[in-house]
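Here is the structure we will look at, set down as structure tokens.
Numbered from 1 within each chain, the chains take letters A, B, ... in sequence-line order. These numbers come from a predicted model, not from an experiment.
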2 protein chains.
Amino acid sequence: MTQACAHIIDDDEAIRDALQWQFRTRGVPCRMWPGAEAFLAAWQPEWRGCIVLDIRMEGMSGLECFDVLIERNCTLPVIFITGHGDVPMAVSALKKGAFDFIEKPFNDNDLIEHVQRAFDRDAASQQAAADRDTVEARLATLTAREREVMELILEGKFNKVIADELSISMRTVEAHRSRVFDKMQVRSAVELAQMLTTLRN
Amino acid sequence: MTQACAHIIDDDEAIRDALQWQFRTRGVPCRMWPGAEAFLAAWQPEWRGCIVLDIRMEGMSGLECFDVLIERNCTLPVIFITGHGDVPMAVSALKKGAFDFIEKPFNDNDLIEHVQRAFDRDAASQQAAADRDTVEARLATLTAREREVMELILEGKFNKVIADELSISMRTVEAHRSRVFDKMQVRSAVELAQMLTTLRN
DNA sequence: ACCGCAATTGTGGAATACCGCAAATCGGAT
DNA sequence: ATCCGATTTGCGGTATTCCACAATTGCGGT
């Protein structure tokens, strides 16, 4: 499992140095990036933790960087920091899903607390994503016919009814049903329903 | 069904008059309130639509009013409007669940568009709440024993196992099970699982 | 004391689900 | 040509579910 890490993106070296010292002192893993481009070039989907993103930077702005990350389905919580933010900017960022929006000058303790909360949220969402992936992986092993039978099982239909609808024998439905339960690693239709209903919400 | 209505709370009569005219011209139902206190005194949980809340007002501020509404479990989307908002205020409001945060001066069309979106969200959340209430109402008709049996059914257990765990006969479990399905208005354990799994998410 | 509801149990039978064993067909891949 | 996986089906048997009919017990309210 990748270690949670705070990715701090700011083009001001003095701020990077100060923050790095603060984070390291408190034992919070962090990594500094001089600009959005460098970060985006290095970013990997499996990275965990959070992103601290300065808005006003040379080259790509923090907001543009955020848009790219959304495009890439990056789910890391993003904490914006800015010295010249305005209300519409903050509102827009938060409505797009930013985790927080902090104005400079900020208290270092404050930032680190926000980062910790962002770590927590990321851990929770990663857990949820992992659960989803597990189920998706099992679904992927089903054949087309098995999936078809599964859908009808989830509608609470009897094997007999399923057999009629698919114009196959009941025995065949039983065979598919059995394989569906095996592959999905459940012991009953109820467990299957719970697993998939959770996934679809 | 109550009609969706935009509740506009602002202590500036000129603004109320202007907004009322704009809303009425566009056929958007609205109601004007001169202050948070008056609105809170009249508010009813079944009201639908949204709330447009000025932050700086005589007496109770919009933010305080929002807190009271949260306390009362009011789910109406709240659109803040303010002439002197700052970033931390906007961030705080949005993180508490405000629907939007708009700075004056704003374009009237803009506000009405936001109100329309708020109406949509409220309609969706009311529908979801109604679905939850339906299920809750059915759950409420279950006796303690029936609920107990239901929980074990949802764990995918056989009637025989349930009978053992509750130290009652299988026949009794069957009787409870049958009544549970009747009262919950489902025809199978799968439907029951879907209904309750949805509710619990 | 009487009523109504909840909880409980039994009998017996029909309908379903579940399983191991076995096997035929078919299409795609090597 | 051959192999493999997917789909299909049958047989026979066991386990479970579901239901109608019938009945007992106990508790709280009238």
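Counting only heavy atoms from C-beta outward, the side chains of A:Met89 and B:Val87 never approach each other to under 4.5 Å.
Aromatic ring centres of A:Phe99 and A:Phe80 lie farther apart than the 6.0 Å criterion allows.
Of the residues in residues 138-148 of chain A, A:Thr143, A:Ala144, A:Arg145 come within less than 4.0 Å of DNA chain D through at least one heavy atom, sorted by number. Using a 4.0 Å cut-off on heavy atoms, the residues of residues 152-182 of chain B that approach DNA chain D are B:Phe158, B:Asn159, B:Lys160, B:Met170, B:Arg171, B:Glu174, B:Arg177, listed by number.
Between the side chains of A:Arg48 and A:Gln3, no donor N or O sits under 3.5 Å from an acceptor N or O.
Across all strands shown, C:dA29 forms a Watson-Crick or G-U wobble pair, both distances under 3.5 Å, with D:dT2.
Under the 4.0 Å criterion applied to side-chain N and carboxylate O atoms, A:Glu165 and A:Lys157 are assigned as salt-bridge partners. Classification of A:Arg145 and A:Glu148 as a salt-bridged pair holds, one side-chain N sitting under 4.0 Å from a carboxylate O. At a threshold of 4.0 Å, the pair B:Asp11-B:Arg56 does not count as salt-bridged, since none of the basic side-chain nitrogens sits closer than that to a carboxylate oxygen. Between A:Arg117 and A:Asp100, no side-chain nitrogen of the basic residue sits less than 4.0 Å from a carboxylate oxygen of the acidic one, so the salt-bridge criterion is not met.
Nearest approach of A:Gly156 to B:Ser188, heavy atoms of both residues: CA-OG, 3.8 Å. Across B:Val180 and B:Glu146, no two heavy atoms sit closer than the pair CG2-O, 3.5 Å.
A perpendicular orientation is assigned to the rings of A:Phe39 and A:Trp33, their planes being inclined by more than 60° (bins at 30° and 60°).
Here the range on DNA chain C touched by chain A, meaning any atom under 4.0 Å from one of its heavy atoms, is C:dT16 to C:dC21.
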